Amino acid sequence: MASQTVLTPQADDFPRWYQDVVAKAEMADNGPVRGTMVIRPYGYAIWERIQSAVDARIKQAGAQNAYFPLFIPQSYFEREAKHVEGFSPELAVVTYAGGEELAEPVVVRPTSETVIGEFMAKWIQSYRDLPLLLNQWANVVRWELRPRLFLRSSEFLWQEGHTAHASFEDAAAYARMIHAEVYDDFLEKVMAIPSYLGIKPASERFAGAINSMTAEGMMRDGKALQLATSHELGQNFAKAFDIYFQNEEGQAELCYTTSWGSSTRYVGGLIMAHGDDNGLVLPPQLAPTQAVVVAVRDEADVNDACARVARDLTAAGVRVVVDRGRGSFGRRITDWEIKGVPLRIEVGPRDLAQGVVSVVRRDNGEKLTLPLDSLRQHAIEMLDAMQSNMLEAALKFRDGATYDVKTVGEAIEAAQEGFARLSWDSVGPHGEAVLKTDAITVRCLQRADGSMPDSDTEKNLVCIVAKSY
RNA sequence: CGGGGCGUAGCGCAGCUUGGUUAGCGCGCCUGCUUUGGGAGCAGGAGGCCGCGGGUUCAAAUCCCGCCUCCCCGACCA
């Protein structure tokens, strides 16, 4: 009966809390090879909902799904100097297969710009073939030194978009559109995570890009997490892979390409942006189970009533499961809380005698006693309210922990508990080096009004600096 | 790669200093009964190449040598 701490409190040890949640909510396990991850059914169900929401937006943006191979000839990587330089340290390379040494080693893809570039060159002949808008859902491998489940694993799942365009302007506009209408829209509307959108300073740019955009979310411990990224690749990959098209005058021109990606890291962000000391808190739109109907006791009347409630809510489009009354009540509801299920509907003999049920909201703990006949409508309203409340709460938390400062010294102080925002001119490459000694980085550059700059050479930019995952 | 630590049941650990024959504890798991409105109680039970290899000894989880692993802190990334 005595309630003890099930999870390490966030304030005691945030990383430990994170591990506890991942384990106790049955989201993932470490794989047998260091840095690999087993995604368990509950974690995968969340990922599938993320995937479908992101995929729908990608298709809305006009891109089509395709699939390219896991194995890439090593020579492809060597064609783009910056790209090979950036990725070499984390490549997994197959040198032995089929019982013998391979003539040319094969790289396990860490990202697919190179293979896809090769095929873009083959498929693009004329300006009529442009823009070419591709996306793939795949696994990628980056040999990580410091792996953490969902946040940084040696193998992870993601989507990577790759496009080719006839002009710099068209490529830039498309990458920006993806960033705003796929990533930011998804993060805000579905994940309920507000993010700072901006461009990366040169030091943090993708290997081979001319410009990298990012969406930076704030976690509950005040650290930053990069949740998505979009790159303008200029003509770098087009040159390396001969991606030419004939223009309307019949002359050969190099394409401009983009790439953009987001991954299972979303799940880590979800945990850390919304979770509390009782576990996960899932935005209703992402929750595999939106409401659990908990039978207080394992009795026929109670179970029958639970089944009726579940049927009613399912008919109204709510994702429901019934928890029949086996095992102690306290244990069961604690488990549902750890899993972050948005609504808990408790049905017991005392409720039934009065024709009511008790409904508890996961995000704010609000508990209501509602008549059975109005439950359906209230449940839908509560789910909607919770979805928008979570975004508001996250926004308030983030804004409250973002400090406007003047100097690098003040930024270091502010970054101990949140984000610091200051003029980019007062930081620059030298300031970045100073910040780095405190494990703080420039997360992104923005215009003073918070909008996305055209490039890092724009005047009067501000930067957001923080510790990060 | 440099510094620090760990390896004993599914998980978390004790035992090692001062060797001693059936290797313990908590959680979890199985069976039964009683329970069930905030992590239930009792009883019974299953589960171990004590990281690997060698050595010392009548006897090694324990002492010695070698190796391996994983974790934590300093250079990259979705």
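Computed from a predicted structure; not experimentally measured. Chain A is the first sequence line, chain B the second, and so forth, proteins listed ahead of strands; every chain is numbered from 1. What's counted below: heavy atoms across the whole structure, side chains too, no hydrogens, waters or symmetry copies.
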Query raised in the report: Glu216(A) versus Ser195(A): any side-chain heavy-atom pair under 4.5 Å?
Result: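 Not touching, per the 4.5 Å side-chain cut-off.
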**Report entry** Phosphate OP1/OP2 of U35(B): any Arg326(A) side-chain N/O under 4.0 Å
**Finding:**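 No, outside the criterion.
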Interatomic distance where [atom1] belongs to [X] and [atom2] belongs to [N] [whole Å]:
| X | N | atom1 | atom2 | value |
| --- | --- | --- | --- | --- |
| Glu432(A) | A75(B) | CD | P | 15 Å |
| Asp13(A) | C71(B) | CG | C1' | 14 Å |
| Leu225(A) | A78(B) | CG | P | 11 Å |

Students often get this wrong, so: under 4.0 angstrom with heavy atoms, is [X] touching a base, only sugar-phosphate, or nothing?
| X | result |
| --- | --- |
| Leu151(A) | base |
| Ser153(A) | base |
| Pro110(A) | nothing |
| Arg152(A) | base |
| Glu160(A) | nothing |

Requested in this report: With sequence neighbours excluded, tell me which residues meet salt bridge (Lys or Arg N to Asp or Glu O under 4.0 Å) with Lys189(A).
Outcome: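 With sequence neighbours excluded, Lys189(A) shows a salt bridge (Lys or Arg N to Asp or Glu O under 4.0 Å) to Asp185(A), given in chain and number order.
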Query - Contact nearer the 5' end of RNA chain B, comparing Asp335(A) with Gly325(A) - result: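 Between the two, 5'-proximity favours Gly325(A).
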Query raised in the report: Quick one: on RNA chain B, does Val347(A) or Ala228(A) contact a more 5' nucleotide (nearest heavy atom)?
Result: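 First, find each residue's nearest nucleotide; the 5'-ward one identifies Val347(A).
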Residue [X], side-chain atoms from C-beta onward, closest of [options]:
| X | options | result |
| --- | --- | --- |
| Thr229(A) | G38(B), C76(B), A78(B) | A78(B) |
| Leu145(A) | A75(B), A78(B), G37(B) | A75(B) |
| Ser328(A) | A78(B), G37(B), A40(B) | A40(B) |
| Arg344(A) | G37(B), A78(B), G38(B) | G38(B) |
| Glu144(A) | G38(B), C76(B), C71(B) | C76(B) |
| Ser358(A) | A78(B), C76(B), G37(B) | G37(B) |
| Val296(A) | A78(B), C76(B), G37(B) | G37(B) |
| Ile333(A) | C72(B), G38(B), A78(B) | G38(B) |

Query - CG-CZ distance between Leu91(A) and Arg109(A), expressed to the nearest 0.5 angstrom - result: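 That separation rounds to 13.5 Å.
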Using atom [atom1] of each nucleotide, how far apart are [N] and [M] to the nearest Å?
| N | M | atom1 | answer |
| --- | --- | --- | --- |
| G19(B) | U62(B) | C1' | 6 Å |
| C63(B) | C42(B) | C1' | 44 Å |
| C68(B) | G53(B) | C1' | 10 Å |
| A40(B) | G28(B) | C1' | 16 Å |
| U8(B) | G15(B) | P | 14 Å |

Query raised in the report: How are the rings of Phe156(A) and Trp158(A) set to each other: parallel, tilted or perpendicular (split at 30° and 60°)?
Result: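 Perpendicular: the ring planes of Phe156(A) and Trp158(A) meet at over 60°.
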Requested in this report: Please state whether the rings of Tyr174(A) and His165(A) are parallel, tilted or perpendicular, taking 30° and 60° as the class boundaries.
Outcome: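 It falls in the tilted class, 30° to 60°.
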Report task. Would you check if Phe156(A) stacks with the base of A78(B), given a 5.5 Å centroid limit and a 30° plane limit, both strict? Result ->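 Stacked: centres under 5.5 Å apart, planes under 30°.
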Query raised in the report: What parts of residues 180-211 of chain A reach RNA chain B, counting only heavy atoms under 4.0 Å away?
Result: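 Listed by number, they are Phe206(A).
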Report task. Give, ordered by number, those residues of residues 259-272 of chain A having at least one heavy-atom distance below 4.0 Å to an atom of RNA chain B; if nothing qualifies, reply none. Result ->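 Listed by number, they are Ser263(A), Arg265(A).
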Query - Ring-face cation contact, Tyr42(A) with Lys339(A), 6.0 Å cut, 45° max - result: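 Yes, Lys339(A) sits over the ring of Tyr42(A).
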Side chain of [X], backbone of [Y]: donor and acceptor closer than 3.5 Å?
| X | Y | result |
| --- | --- | --- |
| Glu160(A) | Ser112(A) | yes |
| Trp17(A) | Asp276(A) | yes |
| Gln136(A) | Asn65(A) | no |

Query raised in the report: Got a salt bridge between Asp456(A) and Arg205(A), using NZ or NE/NH1/NH2 to carboxylate O under 4.0 Å?
Result: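 Judged by the 4.0 Å cut-off on N to carboxylate O distance, Asp456(A) and Arg205(A) do form a salt bridge.
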Query raised in the report: For Arg142(A) and Thr111(A), which heavy atoms make the closest approach, and how far apart are they?
Result: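 The answer is NH2-CB, 3.7 Å.
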